[in-house]
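Heads up: the structure comes next, in structure tokens.
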Amino acid sequence: MSIEKLPDRERIDAFDKVRGATRYAADFQSPGMLHAVLVPSPIAKGTVVRINETDALAVPGVLRLLTSKDFPEPDPDFEAPTGEDDEDEEEGFSAPSTVVDVIAYRGQPIAVVIAETLEAAIEGAEKVTGEYEEEPFSVVMESPGARREPIDEEITSGNAAEAFGRASVVVDETYVSPTQHHNPLELLGAMAVFEDGRLTIYDTTQHTMGVKNAIAASLWIDPARIDVKSTSIGGGFGQKAHAYGYSVIAAHAAILTGRPVRIVIPRGHIFHIASYRPKSVHHVRLGADSSGRMIAVRYVAEHENSLAGGLSPAEYHEGTPRLYDIANYHGGGIQVRLDRPDAGFMRCPFPHQACFAFESAVDELAHKLGMDPVALRLQNDGQIDPMSGKPYSSRFVTECITEGARRFGWSQRSRAPGSMTAPDGTQIGWGMALGNYPSSMSPAIATLRITANGKTRIAISGHEMGQGIKTTIANVLLDGLDIDPMGLEVVVGDTSAAPQHQTAGSWGTAGCVPATFKAVTHMQAALRELLDGRSVPGSIHRQLATIRRPYLQVEVSEVAPGQAPEALEYLRVSGDATAGPEYPDFTSMSWIAHFVEVRVEPTTRRIRMPRCVSIVDCGRVISPRTARSQVHGGVVWAFSAALREATEIDPRYGGYLNSDLAEYLVAVNADIGEIEVGFVDKPDPLANSTGLKNLGEVVMAGASAAIANAIFHATGTRLRSMPFRIEDLL
Ligand code: MOS
């Protein structure tokens, strides 16, 4: 079997979704279920002196009120070793905070009210009051108390300082990306059942193993007694990439009350307790010689974070030095420590901001050199990773650029800013930019069973956030096996069905597709062996029925290139065993080129994006339908990030001011024009057995720079701070 071109199959979960049959975490019910509602801290920092419980407990239907005293200290000896050689990895397991009496940020839960009905729980939670000892706090990067903490490592190649001395053109600018919050349609929430000594948590998470271990460590429970199920997620985007305290709280409440407990976090509270894209400031110095050869980069990125959060600014340098063949690179980073929740992954967590900054700088360089931005980029392409000296597993950047330019009609562009105008005075701008994203891979384990009565079930590592992982798995199965598509069940995100990895960083497909491919070939071999040369007609179900075998089952696992088999053990115990983008013999990245047209109205200065052409190199495309949809989504979000989204932080009281969908602006249908998607679709020969590379997140990389570059081309105004608003062009 080889998978060449796979068909454009419809989503296998679409039918259930459109008729409302898909069950999300908070849809699960159990007889006697109780409701839990969190009480957010009204102060930004300090200590709880007293909680007044009486009024809350007097509400009819309220059963219990839990404060920090009701939660044990997490087990300090709990271990869940990971296979990642991550230098930031703290010692031991770090459990999420649950209910606290020492408040680290406004909105942190200080109590939880458990009641027979949701209404009673809400009313009870509203009646909780407290007395506090308040402390001074710092919540924005500009706060006097913000602590600036440079990262330990410097990311370098060559000698940037020396090379700048040889540069004839230098761009030296600062670019800013604001704080942003993910807003998946599905709110954070869970339902916990404790029965016969086993805990089952229905959660909405990209990391069921992380939730399982968080509960085990926090409540001193053997992880073998915990199952976490997150089988259909209504959007994750990195917000759900790690365990939150609410899952532990639901589990604890279920154990204490002996009844199932559901918890749902309202959107306004999610803004306050969930992770977020941190505001980041990017100082980029970029030098080229007079021929347009880029020779030197100095790039320091700073971003906001909690006092102890791990998200390292070093990661802005995972993609940036690999955009071009630049010999001399110096990268640094600064954590700005604030009294806020942990910053975290939000779609395309580092390259989105880094490519906005760097690809804006490259556009500025092209302008200074008097060069076409396409020509400048083509001239600086290269096949060797300047950071490791190893080749790329595949890099079709030139193909992305030339195909994008062709489809967009780039040759018709007049170069001077402000030189393209519609008859009504609307300014037209054409801009482009590149993006890249690491192509990492997680090991995966799968069990595939085909039955004589027409069913097929694959249980596999990975989570379905809506990106289409189930459809992708199904496409490989249905391509290689003659089975009934209507009888196919794809089980992901269930720790009781298969070991689960944290499904983030776009590595879902790179784990499950090679494993599914292997399951298919093993199944074919097992069937051949079973039939032993007999020719039996019909589908596999029919064949099994004919020879009176109730079912046939194979189990497979797959690790990343160069990974030892121990990686599977890390997958089983922690779910964290990813490898890449640097593998022993190569570096693997996905690439994209965006071409954008913007139109700026002459009077209102309103910015529109009527069209965008995005060409991706993500190796072989496995599921054309969901791949295309990922590109649409990424471009829409880039538009949203560049022109709409910003979370407003309240420096007076802490917390967030626009914590709902009315005031946190996101792109809507009317904002978006035509998005044309193209794939290079050349199999990567090295990355894995199926030739695919990661997709999802790379799409957002560079798209907002293309918009900024198009705005510059339309108006002559260079915008370096997102989001770009009307007032920036007045
Ligand atoms: Mo992605 S932001 O790592 O879920």
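All residue numbers in this chain count up from 1 along the given sequence. When a ligand or atom number is given, it counts from 1 through the structure's own listing order. Because the structure is predicted, anything quoted here is derived from the model rather than measured.
Taking Arg106 as the reference, Ala44, Tyr653 meet the side-chain contact (heavy atoms from CB on, under 4.5 Å) condition, with sequence neighbours excluded. Residues that satisfy the salt bridge (Lys or Arg N to Asp or Glu O under 4.0 Å) test with Lys279, not counting sequence neighbours, are Glu142.
Screening residues 202-216 for salt bridge (charged side-chain N to carboxylate O under 4.0 Å, His left out), with sequence neighbours left out, gives no hits.
For OH of Tyr329, the number of neighbouring non-hydrogen atoms (other residues, nucleotides, ligands) closer than 6.0 Å is greater than 12.
For ligand 1, the protein residues within 4.0 angstrom (heavy atoms only) are Gln206, Phe237, Gly238, Phe345, Met346, Arg347, Pro349, Ala504, Gly505, Glu697.
Separation of the Phe237 and Trp637 ring centroids falls under the 6.0 Å cut-off.
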TODO: Give the intermediate values and the outcome of salt bridge (Lys or Arg N to Asp or Glu O under 4.0 Å) for residues Asp494 and Lys229.
DONE: CA-CA 4 Å; Asp494 184 342; Lys229 295 170 192 281; 3.2 Å; yes

